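Below you'll find the structure, written out as structure tokens, and then a few comments.
For ligands, and for the atoms within them, numbers begin at 1 and follow the listed sequence. Fair warning: this is a prediction, and the values are worked out from it, not measured in the lab. Throughout, residue positions are numbered sequentially from 1 according to the sequence presented.
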Amino acid sequence: MAGKDDPTLRSDTRLVTSGRSGAFAEAVVNPPVWRASTHLYASCAELRERKADNRDGQFFYGRRGAPTQWALSEALTALEPGAAGTVLYPSGLAALSAALLAVLRSGDVLLVADNAYDPTRSVATGLLKGFGIEHRFFDPLDLEAYEAAFCDRTRAVMLEVPGSLTMEVCDIPALARIAREKGAVSLVDNTWATALGFPALERGCDIAITALTKHVGGHSDVMMGAASAGERWYHRLRLGAQQLGHVVSPDDAALVLRGLRTMGVRLERETASALAIAGWLAEREEVAHVLSPLLPGTPGHALWQRDFNGGCGLFSFVLRGGDDAARCRLVDRLDLFGIGYSWGGFESLALPFDVEPVRSRMAWPKAGWGVEDRHAIRLSIGLEDKDDLIADLERGFAAFNEG
Ligand SMILES: *Cc1c(COP(=O)(O)O)cnc(C)c1O
């Protein structure tokens, strides 16, 4: 195959060419923002025909999307090797909860990685529990305990890599293979690396979920989520989303598609800056541990090198000593880092966290760490000059030491 739809094109090229095959493509670069709830039919016969044809690209009614949303889905599918299609959701969390609802039934058991995003844990302990779906948390770094956690009702495994806040890299190919051997579906929250940095389906997972709110949107002004899968699960996800009434607005889809076009260069730049800043932090005596798989010598680095094609600007570090007040002095002193949730935008953010209350299976502080190693900060490195960010952190450490 030749031309711009060639699947052998490299991902940076596909970021530019994908999602541009609609009727608009000959006339303009970007899909129009196509606002439509009602689609019109030429005849009663056509009205009946269309109903059965539940695919992207087929007009029916707004709940099945319209050209702007289809363009985004098509682009995301083209970037995810092994995907038959991509379903869009109004937020990353909506993608996670809807995907879990699409694969689980009352009486099933779900295994959840202990370092999953906290709202994902709440979906398991709240929403799913209410539907009679049981959950078990497991340590994703302990393959033996994971394998032992399966029972004959285990239907799905919820993974995330790296782990939220604490950034452990687990062996996804092994975890996904064991899930498959046990007859369970594997879902992975791939928001950190995106399909560019971690081809989740190719690495063995069944469903790859991304909070598009983060890197793909990339500009901190839109919320959306996506789930991509091969034939087997894509149709189930699609019907599930339609039954839950999940639709995204064409304006938001256009914003996310705009973000997607530059995601490759943004990720590359953020990763380079994050690596430099993580290395600088590792040398500071106020820092006990840097939690980033990008940094050689850190736990998870070898697996990251083996399985990933890239990284991003998100990582954490743990302060040596100090207390919450000292940590707050540090964070409050930062001028270039905003204080806020989310990440993956063009601007840098800092977030204080204590991970202990949200882990039930993984030890924290970790083995070999001092008991004082508990006050942590997560950084999302944006597109500012890295030396300006380092100077800002330097001022933060001065405030930390003032106490
Ligand atoms: C933010 C985030 C989500 C949820 O995305 P929203 O769009 O905010 O709902 C899911 N997973 C991870 C890892 C996240 O960081």
Check against salt bridge (charged side-chain N to carboxylate O under 4.0 Å, His left out), Arg361 and Asp114: CA-CA 6 Å; Arg361 285 281 177 280; Asp114 198 33; over 6 Å; no

Return the residue, atom name and 0.1 Å-rounded distance of the protein heavy atom closest to [atom].
atom	answer
atom 15 (O) of ligand 1	Lys214 NZ, 2.7 Å
atom 7 (O) of ligand 1	Thr213 OG1, 2.5 Å
atom 11 (N) of ligand 1	Asp189 OD2, 2.6 Å
atom 6 (P) of ligand 1	Gly92 N, 3.3 Å
atom 3 (C) of ligand 1	Tyr117 CE2, 3.3 Å

I'd like to know whether the aromatic ring centres of Trp70 and Phe59 sit less than 6.0 Å apart in this structure.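 Yes, ring centres under 6.0 Å apart.
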
I want to check something: taking the side chain as every heavy atom from C-beta on, are [X] and [Y] in contact at a cut-off of under 4.5 Å?
X	Y	answer
Leu281	Leu379	yes
His215	Thr210	no
Phe137	Thr125	yes

Quick one: does Ile209 get within less than 4.0 Å of ligand 1, heavy atoms only?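 Outside the 4.0 Å threshold, so no.
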
Heavy-atom contact check, 4.0 Å cutoff: does Trp192 meet ligand 1?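 No; Trp192 lies far enough from ligand 1 that no heavy-atom distance drops under 4.0 Å.
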
In terms of the angle between their ring planes, are His301 and Trp304 parallel, tilted or perpendicular, with boundaries placed at 30° and 60°?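 Tilted.
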
Does an N or O anywhere in [X] fall below 3.5 Å from an N or O of ligand 1?
X	value
Leu93	yes
Ala211	no
Glu160	no

Is the terminal nitrogen or CZ of Arg284 (NZ for Lys, CZ for Arg) located under 6.0 angstrom from the six-membered ring centre of Phe397 and within 45° of that ring's axis?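 Checked: cation-pi criterion met.
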
Indicate whether any N or O donor in one side chain lies under 3.5 Å from an N or O acceptor in the other, for Glu74 and Ser21.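 Yes, because at least one side-chain N or O of Glu74 sits under 3.5 Å from a partner of the opposite role on Ser21.
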
Short list, please: which atoms of ligand 1 are under 4.0 Å from a heavy atom of [X]?
X	answer
Leu96	10 (C)
Met223	6 (P), 7 (O), 8 (O)
Trp343	15 (O)

From Arg378 atom CZ to Thr166 atom OG1, the distance as rounded to the nearest 0.5 Å: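 Here the interatomic distance stands at 11.0 Å.
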
